[in-house]
Amino acid sequence: MTPTPDTTTTTARRAVVVDDEQALARLVAGYLERDGFEVSVTHDGSQAVGVLREVDPDVVVLDLGLPGLDGVEVCRQLRTFSDCYVIMLTARAEEVDTLIGLSVGADDYMTKPFSPRELMARIAVLLRRPRRPAPAVAAAARPAVEIGALRLDTDAREVHLEGRLVPLTRTEFDVLAALASGPGRVFSRQALIEEVWGANWVGDEHLVDVHVLHVRQKLGDSAEQQRFVRTVRGVGYRIGTGE
């Protein structure tokens, strides 16, 4: 089936549902449409990349197990041209699937079967975190945070390391920015969840660990060095000194 976006309004947010379970895809699309989204649906990973380029969505609900290209490869290609929010769906609860999916830039994941209402709640939380600040906020420029060779510009939502732009996803940036907002403060997983996902978010707190892992990898850091993100055993994380 060739997906056809609903173009009844030009102001609605756009969503793409990619799942080879057609009944489930229709169900999720229905919930999104009732919430005011323009929705495109596709059931094949190979077709999905073209649909995503054409639609330029705000959010993607992406199944891990797809014919053609799997969800990991679709997400990998998506991240070369879009920083939209991605929620990965998987029928397999093994941690390795979750880690693989998030490692290519997914913002959240849900294991099937799931509640469509919970999915919509998670999408709402993600969309409350816009990539750029409102004009009134941007007008009062905030100084960039410098941690050794790392420079974090909150207003531009950019991170540079030794002058090189680091391509963080929205969620990775938000996790790093939250830590940098409180030098010396130790953030528990729950505290970071509230800072980044919001107090009403429901899910696995270990999602924080996955995003911290990816931030470290992209900054050329490690659990041993901990130059930029330090683990406080039994408590959580805090920003490092860059050394």
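- Applying the side chain to side chain donor-acceptor pair (under 3.5 Å) test to pairs two or more places apart or on separate chains, none has a residue in residues 159-168.
- Residue His211 forms a ring-ring contact (aromatic ring centres under 6.0 Å, His included) with just one option from Trp197, Phe173, Tyr109, and that option is Trp197.
- Residue pairs meeting the salt bridge (charged side-chain N to carboxylate O under 4.0 Å, His left out) criterion with at least one member in residues 205-217, sequence neighbours excluded: Arg189-Asp209.
- For Arg230, the side chain to side chain donor-acceptor pair (under 3.5 Å) partners at least two apart in sequence or on another chain are Thr241.
- For Gln226, there are no side chain to side chain donor-acceptor pair (under 3.5 Å) partners two or more places apart in sequence or in a different chain.
- Under the rule for a side chain to side chain contact (heavy atoms under 4.5 Å, CB included), Arg233 has no partner lying at least two apart in sequence or in another chain.
- Among residues two or more places apart in sequence or in another chain, the salt bridge (charged side-chain N to carboxylate O under 4.0 Å, His left out) test is passed with Glu194 by none.
- Under the 3.5 Å distance criterion, the side-chain polar atoms of Asp83 are left unmatched by any main-chain donor or acceptor of Thr169.
- With sequence neighbours excluded, no residue forms a salt bridge (charged side-chain N to carboxylate O under 4.0 Å, His left out) with Glu158.
- Checked against salt bridge (charged side-chain N to carboxylate O under 4.0 Å, His left out), Asp20 has no partners two or more places apart in sequence or in another chain.
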Under 3.5 Å, sequence neighbours excluded: what are the donor-acceptor pairs made by side chains of residues 67-74?
from: Asp70; atom 1: OD1; to: Val72; atom 2: N; distance (Å): 3.3
from: Asp70; atom 1: OD1; to: Glu73; atom 2: N; distance (Å): 2.9
from: Glu73; atom 1: OE1; to: Arg76; atom 2: NE; distance (Å): 3.2
from: Glu73; atom 1: OE2; to: Gln77; atom 2: NE2; distance (Å): 3.1

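- Applying the salt bridge (charged side-chain N to carboxylate O under 4.0 Å, His left out) test to Arg79 and every residue at least two apart in sequence or in another chain returns Asp107.
- The side chain to side chain donor-acceptor pair (under 3.5 Å) test applied to Lys112 returns Asp19, Glu21, Asp63, not counting sequence neighbours.
- Summarising the hydrophobic clusters (Ile, Leu, Val, Met, Phe, Trp, Tyr; side-chain heavy atoms under 4.5 Å, direct or chained), the residues clustered with Val232 are Val186, Val235.
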